[in-house]
Amino acid sequence: MKTKSNYPIALAIIIAAGLTGCGKQSSSTSTGDRTANALASFVAPGEKDEYYLFYSGGHSGQVFVAGIPSMRHITTIPVFAPYPATGYGFDEESKKMMGDYTWGDVHHPGLSQTASKYDGRWLFVNDNANNRIARIDLRDFKTHQILGPIPNSMGNHGSSFITENSEYILCASRFSVPLPKGRVADPKDYAKEFNGMLSGIKVDPKTGEMSVGWQILTPPFDWDLGSTGKGPSSGWAFWTSYNTEMAHDVMEVNSTQKDRDFAAVVNWRAAEQAVAQGKAEMMDGVPIIDPAKVPGILYFVPIGKSPHGMDTDPSGKWVVAGGKLQPATTVINFEKLQTAINNKTFDGDVRGIPLVKYEAVVEGEVPVGLGPLHTQYDGKGFAYTSMFIDSNITKWKLPPWTDEEKKDLNKVVLDKVPTHFSTGHLVVAGSDTVQPYGKWCVAMNKLSAGRHINVGPSQPESSQLIDISGEKMKMVAEAYTEPEPHFAQILKVSEIAPVEVYPKEENKDPNAVWDKAQTGVTRSGNQVVAKVIAIRSRFNPDRIDAQVGDELTVHITNVEQTRDMIHGFGLLEHNVNVVMDPGETKTFQVKLTKPGVFPFYCTNFCSALHQEMQGYLVVWKAGEGPASAPAGATAQR
Ligand code: K7E
Ligand code: CUA
């Protein structure tokens with residue numbers, strides 16, 4: 001909570017800064033605004049932010065956590081790429097999770113939901129690059145599962161969209177390829193030989209464990225962003241597409257020929273049922289539904305040229321598609337869509353999939369400006385759309401509209417706030433739930449061009465915090481992040497209580513050791529196993545003997561039960577750095593190929609004698625050195 005008494009000091013500093021300039025003269029922000037904005041986003045030393053902002057890290061493969069309103073970066077959650085800071089990607093467990101890949105492209109984080117509200121359990125993120133999906137547990141802010149590569153699916157961009165009770169994470173393929181994967185066909189035969197796929201990734205309600213539930217085969221369109229339904233649209237999901245032209249080269253030109261592309265409208269509950277009724281065929285181990293043969297599952301709706309985002313509002317009545325190449329957002333009325341589907345108000349079909357009549361379902365095209373990408377909602381009847389080309393956030397009013405407004409939808413466009421520059425995604429706190437928190441919007445911009453001190457040609461991205469609580473939007477803060485946030489989720493800090501140590505009784509690792517007597521180094525053939533304790537400020541044992549040709553496995557337990565008492569284990573010249581949180585056991589394996597004495601040391605500054613927390617791995621030539629002793633018998637000082 002904020003301590004009011006800190007404000008005057010902050011105020012004085014800010015005003016002083018305003019007067020002396022501090023190199024800020026190029027900004028048009030007035031002194032009054034400067035003060036107000038600073039206070040709105042100011043979190044004094046010792047105070048805490050009110051919200052978590054979980055940013056996707058794009059091709060960094062990570063997730064970044066910042067606080068709102070301060071916009072301070074607080075931590076990084078490694079997911080698809082190694083991160084030596086937390087030892088991620090060096091211990092056996094995380095290496096196994098990452099599989100054959102050392103990078104991913106995280107786009108859309110999705111918080112788990114119960115009854116269309118965040119339940120604070122998990123954060124799911126997609127990997128656009130290697131067709132995977134990961135689960136971060138909010139109990140410890142760590143990645144616990146990476147599923148994939150998902151079969152029959154290429155370019156897992158159109159996810160992670162969570163259903164109302166986290167039954168599924170719904171995904172759509174960005175790319176189409178010949179299926180099953182591994183089959184080769186000439187891209188010239190794209191329209192005939194290639195396919196896209198929609199996937200239902202099942203989530204275990206207790207553990208969050210993900211598995212591939214079923215898939216829906218689609219024509220080779222490039223599926224883009226989507227969202228899930230709620231309320232009246234419960235059980236449905238929506239995606240936009242580009243390239244309904246089914247072009248395979250010179251995409252910039254060939255995939256932008258038609259005036260409209262198609263949105264996919266999916267009845268995922270019907271898909272689930274169809275699979276249960278045996279209406280699917282297996283492909284690469286997954287039940288696949290061909291929607292041309294199983295009616296009632298997939299429909300197409302024509303939508304503004306080369307659209308991007310498709311966002312369901314908190315009431316579940318309105319689904320808004322961003323036009324990208326059309327200066328308007330298209331508002332689909334879900335009730336009308338339902339009626340059109342029931343009455344078969346179709347304009348024929350596309351490859352056996354009914355094409356719903358545009359006029360029958362569209363409530364209006366709102367002239368928001370150039371380059372509308374994504375839309376978010378505050379739960380008070382307003383929508384906020386990111387404008388990539390105009391570079392702003394546009395606030396507008398959702399239906400129901402008056403007759404007068406309907407005649408001229410310019411009237412429902414209420415406010416614009418410039419962003420810097422070219423906003424991709426934006427996020428309003430809780431927008432994808434039935435109960436948005438409103439209050440804050442974060443614009444995630446693609447170009448930070450000159451907004452920050454010069455750091456050479458590799459530029460960060462900019463994110464801007466906008467107060468949306470009033471009639472007019474107000475930008476109050478700006479921050480920079482590593483490339484590259486696409487989407488984010490905002491969660492109230494008070495809704496979760498992550499653990500700060502792993503309780504000893506929960507450590508089920510069979511190789512965990514808690515006292516000296518259990519530690520030691522043992523050998524069986526060329527397998528050498530060391531069980532080590534890390535505690536302020538030593539490793540026990542602090543000497544491991546082995547020979548060239550050995551396979552060394554080291555299990556290290558941090559036996560501390562004190563917050564922030566983290567130890568690392570960095571082994572010189574072996575590319576090893578594992579980090580153990582309090583109460584945690586980590587395991588790494590190395591093949592010993594060169595003789596020598598290799599120091600290891602604690603990599604996390606843990607105490608006054610942190611520097612002394614070190615030891616030696618002695619790698620003798622094959623057949624030399626002391627024979628390894630049974631567990632517990634190793635010399636200890
Ligand atoms: Cu618009 Cu991947 Cu959601 Cu980037 S995507 S901005
Ligand atoms: Cu343990 Cu530094």
Side-chain angles (χ1 to χ4, degrees), residues 55-60 85 87 104-110 125-129 155-161 171-175 222-227 239-242 306-311 321-324 371-376 385-389 391 393 419 421-427 431-432 442-447 461-463 481 483-489 532-540 542 556-560 562 564-570 577-582 584 586 599-615:
Y55 282 115
S56 66
H59 49 287
S60 77
D105 189 2
V106 181
H107 278 238
H108 311 109
V125 296
N126 65 323
D127 171 14
N128 179 25
N156 183 28
H157 182 244
S159 71
S160 333
F161 306 120
C171 312
S173 53
R174 171 177 174 185
F175 302 106
D222 292 55
W223 296 109
D224 213 7
L225 268 286
S227 67
W239 280 274
T240 60
S241 71
Y242 58 100
S306 302
H308 191 49
M310 185 140 202
D311 300 279
K324 208 161 82 180
L373 294 189
H374 302 282
T375 299
Q376 296 275 286
T385 300
S386 56
M387 311 299 296
F388 184 78
I389 299 172
S391 211
I393 303 292
T419 50
F421 298 91
S422 297
T423 308
H425 270 275
L426 77 173
V427 61
S431 169
D432 53 352
V442 177
M444 286 161 266
N445 311 314
K446 293 303 176 196
L447 301 166
E461 308 291 336
S462 87
S463 292
T481 72
E484 115 162 12
H486 288 263
F487 187 43
Q489 295 266 273
V532 179
I533 277 176
I535 188 167
R536 271 163 290 165
S537 300
R538 68 177 299 184
F539 293 109
N540 211 316
D542 56 6
I556 314 148
T557 303
N558 176 351
V559 300
E560 312 263 7
T562 309
D564 237 353
M565 276 307 145
I566 297 163
H567 301 289
F569 189 103
N577 175 45
V578 296
V579 177
M580 293 72 57
D581 290 343
E584 193 177 36
K586 288 264 182 80
F600 51 82
Y601 70 100
C602 176
T603 46
N604 206 292
F605 209 111
C606 52
S607 70
L609 293 176
H610 151 81
Q611 198 73 1
E612 284 79 352
M613 193 166 170
Q614 62 181 53

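Note that ligands are numbered from 1 as they come in the structure, with each ligand's atoms numbered from 1 the same way.
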Nearest atoms (heavy-atom pairs only) where Leu225 meets Gly309:
CB-CA, 3.7 Å

Side-chain contact test, heavy atoms from C-beta onward, threshold under 4.5 Å: evaluate it for Ile393 versus Thr419 and give yes or no.
yes

Do Ser173 and Asn156 make a side-chain contact, defined as non-hydrogen atoms from C-beta onward lying under 4.5 Å apart?
no

Out of His308, His425, His107, whose heavy atom sits nearest atom 3 (Cu) of ligand 1?
His425

Only one of Val427, Thr385, Val442 passes side-chain contact (heavy atoms from CB on, under 4.5 Å) with Gln376; say which it is.
Val427

Measure from atom 2 (Cu) of ligand 1 to each N, O or S atom of His157 and report whether any distance is below 2.8 Å.
yes

Ignoring hydrogens and geometry beyond distance, is a side-chain donor-acceptor pair present between His425 and His107 at under 3.5 Å?
no

Sub-4.0 Å heavy-atom approach of Lys446 to ligand 1
yes

Contact region, His374 to ligand 1, non-hydrogen atoms below 4.0 Å, reads side chain

In terms of atom number and element, which parts of ligand 1 are under 4.0 angstrom from non-hydrogen atoms of [X]?
| X | result |
| --- | --- |
| His108 | 2 (Cu), 3 (Cu), 5 (S) |
| His486 | 2 (Cu), 4 (Cu), 5 (S), 6 (S) |
| Leu225 | 3 (Cu) |
| Gly424 | 6 (S) |

Check: His610 ring centre within less than 6.0 Å of His567 ring centre
no

